[in-house]
Amino acid sequence: MRIATWNVNSIRARLPIALDWIQAQRPDVLLLQEIKTLEFPEMEFASLGYQIAYVGQKSYNGVAILSLHPMQDVIKALPGDPADDHSRYIEATVEGVRVASIYLPNGNPVASDKFPYKLRWMDRLYAHVEGLLEREMPVALGGDYNVIPEPKDCYDPRAWEGDALYRPESRGAFRALQHLGYVDAFRALHPQPHYYTFWDYFGNWERDQGIRIDHFLLSPQAADRLTECSIDREPRAREKPSDHTPVIVTLS
DNA sequence: ATGCCTATTGTGAATAGA
């Protein structure tokens with residue numbers, strides 16, 4: 001079973017690239033973030049055989065799960081704060097695997113209320129995915145975590161000091177998820193430094209100065225089945241790309 | 001450190017991203 005995650009930075013702006021990519025790769029499940037619309041363009045993907053569950057929002061945020069197989073028990077918000085109106089979390093069961101599409105808050109500027117919002121959101125995520133472990137089933141939490149886990153996950157750690165993506169609180173909260181028993185799938189298979197999933201639009205792609213912030217966290221039952229995890233840089237090299245590129249995980 | 005670019009809303013310039 002192949003599951004991919006991709007922050008597309010607007011599904012409408014990315015429609016040609018996304019349709020090309022999904023036809024070329026045919027993942028069983030594709031988790032999308034930042035669809036940036038209230039209404040997902042479902043028809044185009046349905047005609048390729050994909051079922052779609054999503055929670056949209058005007059202009060900002062928005063997450064989706066596209067699946068070649070039926071989805072069960074969809075939830076469309078991260079529990080823990082009914083007043084949180086950002087569309088940043090959706091979860092479903094596909095072929096016995098619990099999958100989530102996560103768009104974790106950026107958190108910048110750190111001096112604003114956005115940073116405590118990010119940390120509170122990570123606390124809610126911790127509480128929720130701790131509960132998922134009790135199901136003792138494979139869980140794959142994919143998405144844009146907006147966290148650079150370690151120095152080797154960026155080109156120049158000094159450039160990121162003090163940034164919400166690299167602050168000790170953010171990295172600590174990500175590490176806490178791992179300490180619950182969730183495995184960073186890409187890192188487990190690729191210990192080498194300088195693998196990236198995001199490059200800004202200011203020339204960092206050309207210089208290959210990126211950051212690794214899109215991740216799959218796997219429950220023990222999913223990690224036992226982990227055979228492959230890769231970053232597909234091809235969509236980032238195209239015309240009018242997203243600033244993120246897909247990560248694909250394979251479970252036996 | 002900031003925002004060189006991109007996207008959205010909506011039709012000009014502000015907001016957000018990371």
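Only the P atoms considered, B:dG3 is 24 Å distant from B:dT9, to the nearest whole Å. B:dG10 and B:dT15 are spaced 13 Å apart, taking the C1' atom of each and rounding to whole Å. Taking the C1' atom of each, B:dG12 and B:dA1 are spaced 28 Å apart, rounded to whole Å.
Using cut-offs of 30° and 60° on the angle between ring planes, the pair A:H194 and A:Y196 is tilted. Using the six-membered ring where Trp is involved, A:Y195 and A:H190 have ring planes that are tilted, between 30° and 60° apart.
The aromatic ring centroids of A:Y103 and A:Y145 lie 6.0 Å or more from each other. In this structure, A:Y117 has its ring center under 6.0 Å from that of A:H86. Between A:H215 and A:F186, the ring centre distance reaches or exceeds 6.0 Å.
Nucleotides of DNA chain B nearest to A:I11 and A:E161 differ in position, and the one nearer the 5' end is that of A:E161. Judged by closest nucleotide on DNA chain B, A:D163 is the one of A:T37 and A:D163 placed further toward the 5' end.
Atom CD of A:Q57 is separated from atom P of B:dA7 by 19 Å (rounded to the nearest Å). If you measure from atom CH2 of A:W199 to atom P of B:dT6, you get 16 Å, rounded to the nearest angstrom. Protein atom CZ of A:R236 is 13 Å distant from nucleotide atom P of B:dC5, rounded to whole Å. Taking atom CG on A:D200 and atom P on B:dG3, their separation rounds to 14 Å, with Å as the unit. For the pair A:K58 NZ and B:dT9 C1', the interatomic distance rounds to 7 Å; values are reported in whole Å.
Considering all non-hydrogen atoms of both residues, A:A164 and A:F115 come closest at CB-CD1, 3.8 Å.
For A:K240, a side-chain nitrogen or oxygen approaches OP1 or OP2 of B:dA7 to under 4.0 Å. Close to B:dT8, at under 4.0 Å from its OP1 or OP2, lies a side-chain N or O of A:S10.
Contacts between residues 203-210 of chain A and DNA chain B, defined by a heavy-atom separation under 4.0 Å, are absent.
Atom CZ of A:R158 is surrounded by 12 or fewer heavy atoms from other residues, nucleotides or ligands within 6.0 Å. Surrounding CD of A:E136 are at most 12 heavy atoms belonging to other residues, nucleotides or ligands under 6.0 Å away.
If you check every strand for non-hydrogen atoms under 4.0 Å, A:R14 touches sugar and phosphate atoms only. A:I211 comes within 4.0 angstrom of the backbone, heavy atoms only, and of no base.
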Q) Where along nucleotides 11-17 of chain B does protein come under 4.0 Å, by heavy atom, of base (B) or sugar-phosphate alone (S), with - for untouched nucleotides? A) -----SS
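For the pair A:R135 and A:L133, the minimum side-chain heavy-atom distance is 4.5 Å or more.
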